[in-house]
Amino acid sequence: SQKIEQNSEALNIQEGKTATLTCNYTNYSPAYLQWYRQDPGRGPVFLLLIRENEKEKRKERLKVTFDTTLKQSLFHITASQPADSATYLCALANQAGTALIFGKGTTLSVSS
Amino acid sequence: EAGVAQSPRYKIIEKRQSVAFWCNPISGHATLYWYQQILGQGPKLLIQFQNNGVVDDSQLPKDRFSAERLKGVDSTLKIQPAKLEDSAVYLCASSLSTGETQYFGPGTRLLVL
């Protein structure tokens, strides 16, 4: 069965630095991968989608890479701010491409 | 544009009782999802509807959980009888169609005592 691992449960960085979150997966090749942000007491919010034939996607201070050989996605937040503090979830399309399988998430804390 | 609405936001019940959650998706979204999110975990898909038909319910504990989406719009998720391990946040999401970006509601936080 599909397995998703996000590198760590918590990541603490200083304001202005680049945060890098890792998502590794095994056992199959998803057609696409998404990253979501979740704040306490709220539902996840979509951030970025990257397809299997794309290497990199950017949106403002966010950048996602997708390495299908390594079976890994990296999520970067540049010039991080305290407002970026949240849990970030990696989600892979299932084999049918119809639904998402979520990782456990990484909780990012940005201190000023 | 209104987002995904869920109610209630919080529910506390005793084990073996029944409970129901309601979801109103974004207007025009054909696909509706129910997820269970246990503390410290990512959301786990319970059931997915495309209009009023079930696409995937492989992870729904069918002996106690049921869900319906009768007119292809609103949906209800029911647990009967509840167990302690059902304590979690139940998230509803919708998308234009399968494989499209999902939009999540705020969730219903269930505590089973």
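Below, all heavy atoms of this structure are taken into account, side chains as well, without hydrogens, waters or symmetry copies. Chain letters run A, B, ... following the sequence lines, proteins first, then strands; residues in each count from 1.
Residue A:V64 is grouped with residue A:I4 when hydrophobic side chains (ILVMFWY) are merged at heavy-atom distances under 4.5 angstrom, including chains of intermediate members. Residue B:I47 is not grouped with residue B:L45 when hydrophobic side chains (ILVMFWY) are merged at heavy-atom distances under 4.5 angstrom, including chains of intermediate members. The hydrophobic clustering, which links ILVMFWY residues whose side-chain heavy atoms are closer than 4.5 Å, places A:L49 and A:L21 apart. Placement of B:L91 and B:V73 in two distinct hydrophobic clusters is found when ILVMFWY residues are connected by side-chain heavy-atom separations under 4.5 Å, directly or transitively. Put simply, B:Y33 and B:Y90 are part of two different groups of oily side chains (I, L, V, M, F, W, Y) that touch within less than 4.5 Å, one to the next.
Across every non-hydrogen atom of B:T98 and A:T98, the tightest pair is CB-O, 4.0 Å. Taking all atoms of both residues into account, the shortest heavy-atom contact from B:P43 to A:L89 is CD-CD1, 4.0 Å. In terms of heavy atoms, A:G41 sits closest to B:R109 at CA-NH2, 4.0 Å.
With chain B as the partner, the residue from A:G105, A:P44, A:G43 showing the most heavy-atom pairs under 4.5 Å is A:P44. Contact tally against chain A (heavy-atom pairs below 4.5 Å) for B:E100, B:Q37, B:Q6, B:K44: the top residue is B:Q37. The most heavy-atom pairs under 4.5 Å with chain A, out of B:V89, B:V4, B:T101, come from B:T101. By number of non-hydrogen pairs under 4.5 angstrom with chain B, the leading residue of A:Q38, A:Q34, A:R42 is A:Q38. Interface check for chain B: of the options A:F102, A:Y36, A:F46, the most heavy-atom pairs under 4.5 Å are formed by A:F102.
Sparse packing is recorded around NZ of A:K55, with 12 or fewer heavy atoms of other residues, nucleotides or ligands lying under 6.0 Å away. Atom CZ of A:R61 is surrounded by more than 12 heavy atoms from other residues, nucleotides or ligands within 6.0 Å. Other residues, nucleotides and ligands place more than 12 heavy atoms under 6.0 Å from the CD atom of B:E85. Shown here is A:K71, whose NZ atom has more than 12 heavy atoms of other residues, nucleotides or ligands within 6.0 Å.
Contacts of B:Q102 with chain A are made by both backbone and side-chain atoms, with heavy-atom separations under 4.5 Å. Using a 4.5 Å cut-off between heavy atoms, A:E9 does not touch chain B at all. Within the 4.5 angstrom heavy-atom criterion, no atom of A:A93 approaches chain B. Heavy-atom distances place both the backbone and the side chain of B:Q41 under 4.5 Å from chain A. Of the two parts of A:L100, the backbone and the side chain both hold a non-hydrogen atom closer than 4.5 Å to a non-hydrogen atom of chain B.
Atom CG of A:N94 is separated from atom CG of B:D56 by 7.0 Å, given to the nearest 0.5 angstrom.
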